[in-house]
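Here's the structure we're looking at; comments come further down.
Order of the sequence lines fixes the chain letters, A, B, ..., with proteins taken first and strands second; residue numbering starts at 1 for each chain.
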There are 2 protein chains.
Amino acid sequence: MENGDVDRTLTLMWRRALGVPKGSRGPKQRFSVDEVIRAGIAVADEEGLPAFSMRKVADRLGLKLMSIYTYVPSRDELIGLMVDEVMGEPGLPPHEGGWRERLTVVARQMWDEFHRHPWLLQVEQSRPWIGPNGSDRYEWQLAAIEGAGFTDLEMDQTITLIGDFTWASARADVAAQRAAEQSGISDAEWWAVNAPVLDRLMPPGAYPISGRVGTAAGEEYNAVRDSERSFRFGLDRILDGLALMLSSRN
Amino acid sequence: MENGDVDRTLTLMWRRALGVPKGSRGPKQRFSVDEVIRAGIAVADEEGLPAFSMRKVADRLGLKLMSIYTYVPSRDELIGLMVDEVMGEPGLPPHEGGWRERLTVVARQMWDEFHRHPWLLQVEQSRPWIGPNGSDRYEWQLAAIEGAGFTDLEMDQTITLIGDFTWASARADVAAQRAAEQSGISDAEWWAVNAPVLDRLMPPGAYPISGRVGTAAGEEYNAVRDSERSFRFGLDRILDGLALMLSSRN
DNA sequence: TCCTAACTCCGTATGCCTCACGGTATTTGG
DNA sequence: CCAAATACCGTGAGGCATACGGAGTTAGGA
């Protein structure tokens with residue numbers, strides 16, 4: 001990753017703020033960078049990130065494979081641009097109510113986004129690109145708890161906490177959904193295949209608590225896992241914990 | 001994924017509980033499944049999961065590529081076996097102290113494990129394999145909070161919460177480390193390259209809170225991010241929230 | 001007016017990857 | 001002692017990112 005590459009990709013990220021791309025010599029491009037990014041998002045939405053390939057993006061636009069590289073330096077950079085693009089989709093509604101309510105909105109926005117674009121959970125950025133939509137969102141997230149009594153450091157830690165937790169919950173939920181869809185096997189069918197094998201393999205009586213808890217969860221959820229409910233449970237505990245910290249301070 | 005495949009892989013998972021593999025006719029295998037799994041773990045430890053390939057596992061053992069497939073049905077199954085294998089490494093120390101202390105141990109065990117084997121964070125299992133070490137650990141994790149006053153359902157939700165949060169925190173930490181190592185660029189150098197470009201691109205004054213909070217965090221951490229500290233902050237909030245739930249019940 | 005630099009698009013090639021298939025050598029149960 | 005079962009491996013199909021160079025196109029400057 002060279003210095004010039006950083007420059008090139010960041011310039012691409014912030015292209016809206018930069019206006020016209022200055023007159024250049026050769027033929028005009030048939031598409032815009034935005035169209036390439038949107039095509040990429042469409043491919044990733046439909047097939048997930050492992051199946052996301054430059055060829056499929058090209059096919060979708062009617063270009064040949066290598067032409068994509070005149071729009072975007074590499075696969076990783078395109079994915080970075082896609083990430084910042086979808087972060088701009090939901091908009092940033094004005095904050096209302098108390099910090100608790102606001103943090104719930106912050107978390108819910110991420111939760112929804114991960115479900116709208118599940119491939120976001122598969123992105124591995126070694127060093128995150130700093131794009132306009134991501135920056136705007138971080139500012140908005142911090143504004144949600146501005147003045148609530150957190151120190152500056154705690155504000156960052158709190159947003160990190162909410163974000164990390166939401167990430168992990170959504171990941172579990174999406175993984176479960178994906179498993180059911182793409183294998184064409186429901187949770188119940190999966191257990192029907194696995195249970196007899198496990199009955200044979202597991203030492204009897206080795207898992208008393210797991211058995212009891214698993215049964216309780218299964219009955220309550222009507223499924224192996226109810227991620228939506230686990231998400232609310234966790235979020236409520238976290239908000240309680242934050243409230244306790246703030247109240248112990250006065 | 002056929003029925004027989006499930007059987008075959010689960011039989012591999014629980015091979016220790018199954019004893020001798022019954023006499024068979026052809027030539028003996030030069031290695032054991034355990035050796036293949038350990039070779040796989042070594043490759044993944046050294047190079048990460050994206051660079052993990054069947055060829056490298058074979059090379060490490062002095063086998064040719066296709067021979068690996070006589071030990072293990074596919075790449076995905078091998079990774080599943082590797083995951084269960086590393087879950088057996090740390091052992092399950094007897095529980096001591098109160099539930100709070102115990103949950104801290106549970107979280108810390110996962111945190112350490114993710115740092116010992118960072119590729120665990122890159123594993124994508126559509127449907128998790130149920131292996132002996134994973135099952136033992138889940139039982140042990142539940143035992144940590146048995147009798148603390150949680151309902152059965154809450155016990156599952158609590159372990160899920162701790163696990164999800166730890167996963168996400170470790171992921172952020174490991175990603176940051178990896179970025180620094182593999183690019184050979186420190187956080188400071190990265191900012192030195194990015195800052196001037198961003199200064200040029202970002203609308204001035206657009207990010208007042210981010211700027212203030214970022215500066216505070218940077219000074220306090222002496223880095224862009226101190227994940228270890230964010231982890232402790234989040235864990236403390238979560239434990240506080242759980243305590244509040246339990247105490248409000250009496 | 002017209003030349004040429006710069007640019008787009010793309011064909012080809014390299015070097016990875018997983019895994020199906022079939023061949024050959026080896027071992028052991030009958 | 002033979003035949004079935006198995007290990008190991010060569011080959012090849014089909015996928016991937018991307019480096020490189022060539023052909024055609026456009027606009028700025030002489």
Worksheet item: So, is A:Arg75 close to the D:dA17 phosphate, meaning a side-chain N or O under 4.0 Å from OP1 or OP2?
Response: yes
Worksheet entry | Minimum heavy-atom distance between B:Tyr69 and B:Arg8, given as atom pair plus value | O-NH2, 4.5 Å
Item to complete: Would you check if A:Glu77 and A:Trp129 make a side-chain contact, meaning some heavy-atom pair closer than 4.5 Å?
Response: yes
Practice prompt. Send over the distance from A:Ile68 CD1 to C:dC10 C1', rounded to a whole Å.
Written response: 12 Å
Fill in: Test item: A:Glu124 and B:Arg178 side chains (from C-beta on) under 4.5 Å apart, heavy atoms
yes
Discussion item. Counting only heavy atoms not in A:Arg55 (residues, nucleotides, ligands), do more than 12 fall under 6.0 Å from its CZ?
Written reply: no
Worksheet item: Among the nucleotides D:dC8, C:dT27, D:dA27, which one has an atom lying closest to any side-chain atom of B:Arg25?
Response: C:dT27
Discussion item. If you define the side chain from C-beta out and look only at heavy atoms, does anything of B:Glu47 sit under 4.5 Å from B:Trp119?
Written reply: no
Discussion item. Rounded at 0.5 Å granularity, tell me how far CG in A:Leu78 sits from CD1 in A:Ile41.
Written reply: 8.5 Å
Worksheet item: Which whole-number value in Å describes the distance from A:Leu49 CG to D:dC16 C1'?
Response: 13 Å
Worksheet item: Counting only non-hydrogen atoms, which of residues 29-37 of chain B are less than 4.0 Å from DNA chain C?
Response: none
Worksheet entry | Close approaches to DNA chain D from residues 53-67 of chain B, in residue order (heavy atom, under 4.0 Å) | B:Leu63, B:Lys64, B:Met66, B:Ser67
Worksheet item: Within a strict 4.5 Å, meaning less than it, do heavy atoms of the B:Ser169 and B:Leu235 side chains meet?
Response: no
Worksheet entry | Earlier contact from the 5' end, DNA chain D, for A:Lys28 and A:Ser74 | A:Ser74
Response to the item:
Between the CD1 atom in A:Ile162 and the CZ atom in A:Phe165, the distance rounded to the nearest 0.5 Å is 8.0 Å
Fill in: Value in whole Å for how far the P atom of C:dC19 lies from CG of B:Leu78
10 Å
Discussion item. For B:Tyr69 and A:Pro27, find the nucleotide of DNA chain C closest to each by heavy atoms; which residue's nucleotide sits nearer the 5' end?
Written reply: A:Pro27
